[in-house]
Amino acid sequence: MIHATLHQLKVFEATARHGSFTRAAEELYLTQPTVSIQVKQLTKAVGLPLFEQIGKRLFLTQAGQKLLETCQNIFEGLDQFEMSVADLKGMKQGQLRLAVITTAKYFVPRLLGPFCHRYPGIDISLKVTNHQHIQERMAENKDDLYIISQPPSQPDLKVYPFLENPLVVLAPTGHPLAGKHNVPIEKLNDAPFIMREPGSGTRQAVQNLFEQHNIEVKVQLELGSNEAIKQAIAGGLGISILSQHTIISEGTGGEFAILDVEGFPIERHWYAAHLSGKQPSVVADTFLQYLINESPAMAQKFLPGLGQSALKSEELAQV
Ligand code: PGA
């Protein structure tokens with residue numbers, strides 16, 4: 001292995017990730033024969049096959065799998081080193097991989113603008129997905145930081161609460177219960193309802209509350225997107241329960257009303273989290289501090305009434 005070069009490891013990692021020489025070549029701006037020669041040389045240095053070819057697709061052998069994990073550790077270590085050097089030079093530079101649950105997509109991009117202006121050397125990739133997929137990404141150590149609503153018990157995480165994420169009953173403006181106060185939760189029985197998809201944290205929270213109160217709604221439609229649910233509500237298909245952040249742009253008074261139903265809002269928080277075994281990079285740590293310090297003021301700007309009870313930094317005990 002002492003003859004393996006960093007370049008060969010990069011080529012191997014891209015090939016393994018794509019399961020294809022051609023796609024690795026495209027990503028790395030190399031020719032396909034160059035990629036396959038590099039992998040061949042690396043295979044020789046290892047002394048065992050790294051891939052098995054079945055049809056057009058490449059599959060990693062056991063040795064290939066081990067080498068892929070080693071490569072990922074090496075590249076992560078090098079990235080960390082680069083960020084630390086930039087930090088020593090007084091610059092914040094590097095890549096930040098963020099994965100956030102769907103409700104946070106209404107707020108996090110608004111925070112990212114000023115953050116990127118303050119730290120122009122930081123490149124951000126943002127993945128928006130539901131609770132279950134975030135958990136899968138955590139298990140594969142795909143990101144530097146996560147924003148979630150409900151910290152899972154596995155994997156082991158360090159979590160930092162930073163803002164409220166209330167779930168509210170959303171209905172079209174003309175709904176008969178709109179404007180009524182303290183509506184008993186039983187009124188939701190048999191209500192035409194639009195439900196998020198299995199794997200969604202919102203859906204889980206809603207189902208828990210309904211179970212607690214023996215409520216059975218009539219699920220008209222199941223949709224995997226908060227935005228699609230909003231359109232369905234506006235179209236008169238039913239009511240739903242969504243994060244209040246989903247109406248950050250339009251608020252109430254236009255197409256949507258928040259129903260004042262007993263048991264609501266379901267109180268939740270957003271948490272920033274990272275794997276507890278993983279020391280956050282300089283860049284991830286910079287973003288974490290920024291998030292904790294700036295998000296309450298930003299929330300008050302965009303969501304007056306929310307964020308007032310956002311936790312203060314001194315209250316940010318790790319959960
Ligand atoms: P979800 O998560 O996209 O999985 O519903 C949102 C939330 O838990 O706030």
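For ligands, and for the atoms within them, numbers begin at 1 and follow the listed sequence.
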Distance-only donor-acceptor hits, side chain of residues 179-193, under 3.5 Å, sequence neighbours excluded:
from   : atom 1 : to     : atom 2 : distance (Å)
Lys180 : NZ     : Pro176 : O      : 3.2
Asn189 : OD1    : Glu216 : N      : 2.8

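The aromatic ring centroids of Phe162 and Tyr290 lie 6.0 Å or more from each other.
A salt bridge does not link Glu27 with Arg23: every distance from a Lys NZ or Arg NE/NH1/NH2 to an Asp or Glu carboxylate oxygen is 4.0 Å or more.
Side-chain contact annotation: Asn226 with Thr246, donor-acceptor N/O pair under 3.5 Å absent.
A donor-acceptor pair under 3.5 Å is absent between the side-chain atoms of Ser243 and the main chain of Leu167, judged by distance alone.
Phe81 CZ: 12 or fewer foreign heavy atoms inside a 6.0 Å radius.
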Check ligand 1 against the protein and report each N/O to N/O distance under 3.5 Å, formatted as atom name, atom name, distance.
from     : atom 1 : to     : atom 2 : distance (Å)
ligand 1 : 3 (O)  : Thr102 : OG1    : 2.5
ligand 1 : 3 (O)  : Arg196 : NH1    : 3.4
ligand 1 : 3 (O)  : Arg196 : NH2    : 2.9
ligand 1 : 4 (O)  : His131 : N      : 2.7
ligand 1 : 4 (O)  : Gly201 : N      : 2.6
ligand 1 : 5 (O)  : Arg196 : NH1    : 3.2
ligand 1 : 5 (O)  : Arg196 : NH2    : 3.4
ligand 1 : 5 (O)  : Ser200 : OG     : 2.7
ligand 1 : 5 (O)  : Gly201 : N      : 3.2
ligand 1 : 5 (O)  : Thr202 : N      : 2.9
ligand 1 : 5 (O)  : Thr202 : OG1    : 2.7
ligand 1 : 8 (O)  : Arg268 : NH2    : 2.6
ligand 1 : 9 (O)  : Thr103 : OG1    : 3.0
ligand 1 : 9 (O)  : Ser149 : OG     : 2.9
ligand 1 : 9 (O)  : Asn165 : ND2    : 2.9

